[in-house]
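Here's the structure, in C-alpha cells; my notes come after.
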Amino acid sequence: MKAYMQRMGRSLMLPVATLPVAALFMGIGYWIDPSGWGENNIIAAFLIQAGGTILDNLGILFAVGIAIGMAKDKDGSSALAGLVAFLTPMTLVNSEAVATFTKVDITEVNVAFEAINNENVFVGIVAGLVAAALYNRFNNVKLPMALSFFSGKRSVPIVTAVVMSLISVVFIFVWPTVYTALVTFGEFISGLGALGAGLYGFFNRLLIPTGLHHALNNVFWFNLAGIDDIGKFWANDGIKGITGMYQAGFFPVMMFGLPAGALAMYHTARPEKKKETASLMLAAAFASFFTGVTEPLEFAFMFVAWPLYVVHALLTGLSMFIVATFQWTAGFNFSAGLVDFVLSLRVPIANQPYMLLVFGLVMAVVYYFTFRFVITKFNLMTPGREESTNEEMTEDIPAGDDKFAALAQRIYAGLGKDNLVSVDNCTTRLRLQVKDTKDVDQAKIKATGVPGVKAIDKNNIQIIVGTEVQFVADELSRLHTGAPVASTAKPVEAVEEISAVNEVYAAANGTVIPMTEVSDDVFSQKMMGDGYAVLPNNGEIFAPVAGKITNIFPTKHALGIETAAGVEVLLHMGIDTVTLKGGPFNLYVTENQKIARGQLLAKIDLEAIEKADRKTDIIVVFTNPDNIADLAIEVGDKQANDIIGSVEAK
C-alpha cells in the first residue's frame, strides 16, 4: 500500500506543478480589477481567464495525470482512458442528466449534483485510478478476429467507459446522501459559536480531497442556512466581530502557516533534492500567500504524507477557533490571500483585522515546527524526502554533457552483464527491471556518486540520481538498446551501418538445430526462409541479432526484427502457439524499439506450452533471402548469446 500511495503521489506532481502559475494569474487579475473580475479591465479579464483554464478544470488534470502516472508503461492511451473515465460521470451525474433520468424539473434536482463538475478533484482522482487499473489489466487483451481492431490498447477506453458508467450509477444514489449529511452537520455546528468555526475549519480542509468541502462552504459562506458570511461581510450588513468569523481564520493559515510549512518541507528534504524542492515550494508558498490558492501546496503532501495533512486540518481548525474567539474579522471574495486581505480593510465591518497578521506570525512558527517535527518523527515522504541510502566514496565523473554518458556506462557495468531488462525513471530516480538484483554490484554503482541504490525485489531496483535523471536514463536506454551513445566509443549502430555482416547469436539456452529439423513443414521446408531453431531448456528468450523491432504479433508468440543492414528476422516462439492467445508469453520490448544483440526479449512458460501439447522450439528465420548473400549457422548445445554464426546482407 505504501508503494501504491507513493506512486499516486508521484503521479499527482504533474497536475500539481501547473497550479502555482494559474493561481498567480487569477490573483493578479483580481488585484487589478477586484470589483468587476475582468469586466472593467481587459488585462485582468485575460489573466483571470488564463488562470481559470487550469483551476476550473482541476478534475480533468488530475484524472489524466494519475491515469498516465499509474499506468505501468505510461502510454498515452492510458491518459485517453483517464479523460474518458472523468467525462463519463461528468455527463451522467450532472444536474441536467439526473433531471432527465428521474423525470423531474431541474430546479427540483438535489443541489449535491452541482458539485459534480470539472473542478471536482475527488472524481478526477477516482477516474484516474480506475483508468490506470483498467489500462494495466486490458492493454494486451486479445479479441476474436472480427473484433481485432479493438484489441489491446484500443480496448481500454471502451472498458473504462463501461466501468465508469456503472460507478456513475452508484454516484447518483450515494452522492446526495453524503452531501446532504454534510450540510445537516454544517447547520448543526453553526450554532456552536467559536467552537463551530473551529470545527468548520477542520472539516473544510479535511474534505478538500473529496470535493465535498463545497457542501460545508454553502452552509457558512452563502445563504443556504441563513449565515451568508461572505455576502453579509462585503455588504457591510451584519454584526461587527461576528460576521466574517467563517473567513478570517483562514488568513493566518494561507498567508503565513502554509508558507512556513513549505519552508519546513524544504528544510527536511534530502540535500541532493533541495534544489528541486525549493522551486516547487517557493512557487506554491507565494501562490498561497499572495492569492490564497493552496492547492499547489496541499496536493504536494496530501496523499504522499496524509498524516501531515490531517495535522494541517487540525491547525486550520485551531486558527479558526482562536480568531473567532477574539472576534478578529476580515473577509474574502476569491480566497484568504494578501489580495483579499488588503481589499477587506476597506470594509467597515472588519474588526481588528491587523491582529490577523500578528496571529499569522504566531501560526507561521507553529506550522514550521509542527510540520518539521511530524515529518522527521514519522519519516513522512513529503517532496524531496524519497528514500535513499547513504552516499559512498565517489569516482570522478567528467563534466559537461558527457558526464551523463559516463555515469550511465558505469551504472550499466554495475548492473551486471546482460542483466538489465528495461529502463524507466521518475523525477529523481532510475526505476530498472533486471533479471536478478543479486547480480547487481551495488558498491560499484554507489561509487559513481549517486545518492543511493535500493533493491525493491528480485527483479526491480531503483537508483537515486537527482533532478537530471532523465539524461542518465536516456543514455542508459541507448546502451541497453544498442543505439548511439554520447561518448567517444564507437556506437554499435555506427558499426552496423557500415558493415553488411551481422553476428548471429543463440536465442536461448539449449540445443541449436538446423531449420530442416524443425517439426513444422512451413519452417523445415524453408518456405519463409532459412535460419535455425533452439530446443530450449529455460524460458528466457534473447535477441539473435541487433536491430529494431518492426512488429509484434497480437498473440505475443512472434516478433519481427530488422537489422541496420536491412536483414529481416522472424523470431517465432513455439509451434502452433498462436492458439494460446499470448498466455505463456511475457514480452519486454515494444514495436519500433531498438534492441541490442543478446538483449532479453521475452520470458515464456515452457511448462504451459507443453501442457497445451505444443512444441517449444524457438525458431529464428531470415525472411528476406533475396537480400542475404550468405548465412552460416553452427548447431549443437549452446548457451544463450553464444555466437553461432553470421548473416551477410547483399
Side-chain angles (χ1 to χ4, degrees), residues 9 16 19-20 23 27 194 197-209 213 245-269 274 277-326 328 330 332 335-341 353-385:
V16 165
L19 298 182
L199 289 173
Y200 162 64
F202 171 70
F203 286 105
N204 171 276
R205 293 294 98 181
L206 204 62
L207 290 169
I208 278 181
H213 62 297
M245 67 185 294
Y246 298 112
Q247 303 167 73
F250 286 113
F251 285 102
V253 172
M254 295 182 180
M255 291 177 61
F256 299 95
L258 274 173
L263 181 63
M265 285 188 275
Y266 165 73
H267 282 160
T268 54
K274 282 187 178 294
T277 305
S279 62
L280 175 62
M281 292 295 108
L282 181 62
F286 183 73
S288 181
F289 172 80
F290 187 69
T291 70
V293 175
T294 59
E295 284 89 347
L297 262 176
E298 290 172 325
F299 281 107
F301 66 92
M302 183 184 294
F303 298 101
V304 295
W306 65 264
L308 187 64
Y309 190 79
V310 174
V311 170
H312 164 49
L314 287 168
L315 291 177
T316 302
L318 179 64
S319 175
M320 296 287 290
F321 170 73
I322 292 175
V323 167
T325 298
F326 287 98
W328 303 325
F332 51 77
S335 190
L338 178 64
V339 174
D340 281 277
F341 179 78
Y354 290 106
M355 287 303 299
L356 296 174
L357 301 183
V358 176
F359 182 61
L361 296 175
V362 175
M363 289 302 294
V365 174
V366 172
Y367 258 82
Y368 177 81
F369 286 105
T370 302
F371 268 45
R372 185 157 188 162
F373 172 77
V374 173
I375 291 169
T376 54
K377 176 67 175 179
F378 300 101
N379 192 29
L380 300 180
M381 294 298 107
T382 49
R385 285 182 57 81

Exercise. Below 4.5 Å, heavy atoms only, C-beta onward: do Tyr367 and Thr316 meet side chain to side chain?
Worked result: yes

query: Under the 3.5 angstrom rule, does the side chain of Thr268 hit a backbone N or O of Met265 as a donor-acceptor pair?
result: yes

Rounded to the nearest 0.5 Å, the CE atom of Met320 sits from the CZ atom of Phe250 at a distance of 4.5 Å

The reported gap from CG in Leu361 to CZ in Phe359 (rounded to nearest 0.5 angstrom) is 11.0 Å

dist Phe251:CZ -> Asp340:CG (nearest 0.5 Å) comes out at 5.5 Å

In terms of heavy-atom contacts, Ala364 and Ala260 come closest through O-CB, 3.1 Å

One should read off an interatomic distance between Ile375 CD1 and Thr382 OG1, to the nearest 0.5 angstrom, of 4.0 Å

Heavy atoms of Leu297 and Ala285 approach each other most closely as CD1-CA, 4.0 Å

Value for CZ (Phe256) from CG (Leu356), rounded to nearest 0.5 Å, stands at 9.0 Å

CD of Gln247 to OH of Tyr200, rounded to nearest 0.5 Å, is 8.5 Å

| field | Residue pair Ile208 / Met302, side-chain heavy-atom distance below 4.5 Å | value | yes

From the list Leu315, Leu314, Thr294, side chain to side chain contact (heavy atoms under 4.5 Å, CB included) with Arg205 holds only for Thr294

Just so I know, are the side chains of Met254 and Val293 near enough to count as touching, which here means a heavy-atom distance under 4.5 Å? no

Test ring pair (Phe, Tyr, Trp, His ring centres under 6.0 Å), reference His267, set Tyr368, Phe373, Phe369, output is Tyr368

Open item on the list: Quick check against the 3.5 Å criterion: does Arg385 have a side-chain atom that pairs as donor or acceptor with the backbone of Asn379?
Closed with: no

Note: Phe321 and Ala194 closest approach over all heavy atoms is CD1-O, 3.5 Å

Criterion side chain to side chain contact (heavy atoms under 4.5 Å, CB included) on Phe371 and Phe301, from CA distance to verdict:
CA-CA 11 Å; Phe371 268 45; Phe301 66 92; 4.1 Å; yes

When every non-hydrogen atom of Ala324 is compared with those of Ala197, the smallest separation belongs to CB-CB, 3.9 Å

Exercise for the section: Taking the side chain as every heavy atom from C-beta outward, state whether Leu258 and His312 have any atom pair closer than 4.5 Å. Expected result: yes

Nearest heavy-atom approach of Ala269 to Thr277 is CB-OG1, 3.7 Å

Exam field: side chain Thr291 to backbone Gly337, donor-acceptor pair closer than 3.5 Å: no

Residues Gly249 and Ser319: closest non-hydrogen pair is O-OG, 2.7 Å

